[in-house]
Amino acid sequence: MTSPSALPAPHASSLDLHGRTALVTGAAGGIGRACALRLAAAGAEVRAVDRDAAGLEALAGSCGGLAGSVEPQVLDLTDLDAAERAAAGTDILVNNAGLQLVRPLEEFPPDVFHTVLTVMLEAPFRLIRGALPHMYGQGWGRIVNISSVHGLRASAYKAAYVSAKHGLEGLSKTAALEGAAHGVTSNCVNPGYVRTPLVERQLADQARAHGVPEEQVLSDVLLRDSAVRRLIEPDEVAEAVAYLCGPHTSSLTGTSLVLDGGWTAH
Ligand code: NAD
């Protein structure tokens, strides 16, 4: 048995992604922006993909002084062929882009359901498909899928989002099984409510719909099941993504890293 004195000294975790390329979708704002900045801070060359050109420009403008770089790429992920092409040659793929519509099933517009599934499930499939040949060729790759508590639990009125996230969980696990022999891991990160434009829009919509202040929607609706009584910050999610790209994670695959303030502990 190894004596405690023979163990390596504890050291600060230092993520070094110099020489790695990363593609982050939905990078113009919120969680995607935080992930792009975190990976670039660790030295990666980040391809920041989004349909929001202005948001990408703002991101690129705030990257001075980082160890790595951020290259904006305007792309609408509903163009699935272009999405697959864009993923070629990347070492790290962060599937993050997403959208939400809150509406009862019987009123849910079929075209919106289709778009949500396209952006949040089919595009990740095509991006993974585009990224794997390079990852397999070099025997290393990291796929991180930004899922949600809604990949594990349903909420009423979120049929498309919940369906897409549950599908993403399955896609991620399948990629983990197939990628293992090639040094490629695939995992989900599952946040509860994060302080991003997507959630700020939901807060405003629900406050208007119920005729109550936004603070009440936050505490009574969004944080109802959360033991930690605050929104999660985008940087906290980015840190989980960075960890999954780090040096000690080759056995960490096919799983879901839940950051939900205790929501799913119920
Ligand atoms: P956000 O709205 O701030 O950012 C989403 C980004 O995706 C935007 O920049 C948007 O332009 C981009 N996007 C949407 N459709 C696109 C398309 N067709 N092509 C290219 N880009 C497109 O949202 P966010 O809160 O940062 O969410 C990011 C991810 O995190 C999503 O997958 C979301 O489901 C997930 N998530 C968010 C929360 C939360 O509370 N905010 C919680 C759990 C999971």
Between [X] and [Y], do the side chains contain an N or O donor and an N or O acceptor separated by less than 3.5 Å?
X      : Y      : result
Asp91  : Gln138 : yes
Ser172 : Ser186 : yes
Ser147 : Asn145 : no
Arg33  : Ser62  : yes
Ser155 : His150 : yes

For side-chain contact (heavy atoms from CB on, under 4.5 Å), just list the numbers for Tyr243 and His248, CA-CA rounded to whole Å, side-chain angles, deciding distance to a tenth of an Å, and then say yes or no.
CA-CA 8 Å; Tyr243 170 67; His248 304 296; 5.5 Å; no
Report yes if the side chains of [X] and [Y] come closer than 4.5 Å at any heavy-atom pair, otherwise no.
X      : Y      : answer
Asn190 : Leu259 : no
Leu252 : Asn187 : yes
Val241 : Ile92  : no
Glu233 : Val194 : no
Glu107 : Leu105 : no
Arg126 : Asp81  : yes
Pro109 : Leu101 : yes
Arg38  : Cys35  : no

Membership question, hydrophobic clusters at under 4.5 Å side-chain separation (ILVMFWY): are [Y] and [X] in the same one?
X      : Y      : answer
Tyr161 : Leu121 : yes
Val119 : Val162 : no
Leu99  : Leu168 : yes
Val189 : Ile143 : no
Val102 : Val112 : no

Main-chain N/O of [Y] paired with [X] side-chain donor or acceptor, under 3.5 Å:
X      : Y      : answer
Asp79  : Ala82  : yes
Asn96  : Gly26  : yes
Ser226 : Leu222 : no
His18  : Ala44  : no
Thr196 : Ile31  : no
Lys165 : Ile146 : yes
Thr90  : Leu23  : yes

How close do [X] and [Y] get, counting heavy atoms only, and between which atoms?
X      : Y      : answer
Ala48  : Ala27  : CB-CB, 3.6 Å
Val46  : Ala36  : CG2-O, 3.7 Å
Val217 : Gln206 : CG1-CB, 3.7 Å
Asp52  : Asp50  : N-OD1, 2.9 Å
Val258 : Thr264 : CG1-OG1, 3.8 Å
Glu169 : Ser256 : OE1-OG, 2.6 Å

Candidate pair Cys63 and Leu37, rule side-chain contact (heavy atoms from CB on, under 4.5 Å), full reasoning:
CA-CA 7 Å; Cys63 291; Leu37 290 171; 3.8 Å; yes
For Arg224, look at atom CZ and say whether over 12 heavy atoms of other residues, nucleotides or ligands are found less than 6.0 Å away.
no
Heavy atoms from other residues, nucleotides or ligands near NE2 of His114 exceed 12 (cutoff 6.0 Å)
no
Any salt bridge linking Arg20 with Glu45? Criterion: basic side-chain nitrogen under 4.0 Å from a carboxylate oxygen.
no
Check this for me: does any side-chain nitrogen of one of Glu71 and Arg47 sit under 4.0 Å from a carboxylate oxygen of the other?
no
Nearest 0.5 Å, please: how far is [atom2] in [Y] from [atom1] in [X]?
X      : Y      : atom1 : atom2 : result
Glu200 : Asp205 : CD    : CG    : 12.0 Å
Asn95  : Phe125 : CG    : CZ    : 12.0 Å
Leu77  : Thr115 : CG    : OG1   : 12.0 Å
His166 : Arg153 : NE2   : CZ    : 8.5 Å
Thr25  : Gln73  : OG1   : CD    : 11.5 Å
Thr185 : Met135 : OG1   : CE    : 8.5 Å

Specify whether Phe108 and Phe113 have parallel, tilted or perpendicular ring planes, treating 30° as the upper limit for parallel and 60° as the lower limit for perpendicular.
perpendicular
Could you walk me through whether Arg230 and Glu236 pass salt bridge (Lys or Arg N to Asp or Glu O under 4.0 Å), step by step?
CA-CA 13 Å; Arg230 65 169 177 82; Glu236 295 176 86; 3.0 Å; yes
Under the side-chain contact (heavy atoms from CB on, under 4.5 Å) rule, what do Thr249 and Arg142 come out as? Steps first, then yes or no, please.
CA-CA 9 Å; Thr249 53; Arg142 292 287 178 269; 3.5 Å; yes
Go through it in stages, so that I can follow the logic: the residues are Leu93 and Val144, the test is side-chain contact (heavy atoms from CB on, under 4.5 Å), and I'd like the CA-CA distance, side-chain angles, deciding distance and then a yes or no.
CA-CA 6 Å; Leu93 170 63; Val144 183; over 6 Å; no
